Amino acid sequence: MTVPRQLPNAITIVRILCAPVFLWMLLADAGTDGALRWAAAVLFVVAIATDGLDGHIARKHDIVTDLGKLLDPIADKVLTGFAFVGLSILGELPWWVTIVILVREIGITVYRFVVVSDHVLAAAWMGKLKTVAQGVALSLALLPLWTVFGDGVFWVNGVTMAIALILTVASGIDYIVSEVRASRRARR
């Protein structure tokens, strides 16, 4: 089966376009536990799951592109960034957590654009782990599972969000250290 060369990039672009729709759905009814909240959460889960799909298709069919390497992490950051901001607007996540995460995400993204003419900064293993942790933490925070399982869900949400925060900061440090080392090697 021949897969169109731009299919993975198209999936990535759709993920970016889902972000504002998701945020609108989340905020439309002030985050109540109704149908829009569930729909927003499901849209987020489906959209974040396509991160693995587009990468799998690109690698399996040997159609990995520099554009895809650049757009894929940006799509993740847009979608997760909207989710963090949405949860903070609703008062369900402290703003300081969102700010720390967004500073890291925006900083790495800006750096990617700065070095794109020199080299493409592909996602490292810790960055991928961070994305998975953020996806899980946000999915749990967005899904109003407390209506089904009770208030114990809030404890689980807090633990998964703490893990995501720690991995976000650690992966940001890892990117900086890796780039400094690569820069030193290039100068030698």
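It should be emphasised that the depicted structure is a prediction, and the values quoted were computed from it without experimental measurement.
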Can you list the residues that meet the side chain to side chain donor-acceptor pair (under 3.5 Å) rule with Thr12, with sequence neighbours excluded? Asp54

Could you state the interatomic distance from CG (Leu90) to CG (Leu26), rounded to the nearest 0.5 Å? 5.0 Å

Test: salt bridge (Lys or Arg N to Asp or Glu O under 4.0 Å). Region: residues 81-106. Which pairs qualify, not counting sequence neighbours? Arg37-Glu92, Lys77-Glu105, Glu105-Lys130

Which heavy atom in Ala83 sits nearest to a heavy atom in Leu142, and how many Å separate them? CB-CD1, 4.2 Å

I'd like to check the ring-ring contact (aromatic ring centres under 6.0 Å, His included) partners of Phe44; sequence neighbours left out, ordered by chain and number. Phe22

Please give me the minimum heavy-atom distance between Ile57 and Ile63, naming the atom from each residue. O-CG1, 4.1 Å

Considering non-hydrogen atoms only, spot the tightest contact between Ala133 and Leu167 and give its length. CB-CD1, 3.6 Å

Residue pair Cys18 / Leu43, side-chain heavy-atom distance below 4.5 Å: yes

Applying side chain to side chain donor-acceptor pair (under 3.5 Å) to Asn157 and not counting sequence neighbours gives none

Verify, without hydrogens or angle tests, whether Ser171 (side chain) and Thr168 (backbone) share a donor-acceptor contact under 3.5 angstrom. yes

Quick one: list whatever passes ring-ring contact (aromatic ring centres under 6.0 Å, His included) with Trp146, sequence neighbours left out. Phe154

May I ask you to decide if Gly68's main-chain N or O and Thr65's side chain share a donor-acceptor pair within less than 3.5 Å? yes

Within-4.5 Å side-chain heavy-atom neighbours: Leu140 and Val153: no

Residues at least two apart in sequence or cross-chain that pass side chain to side chain donor-acceptor pair (under 3.5 Å) with Thr32, listed by chain then number, are Asp29

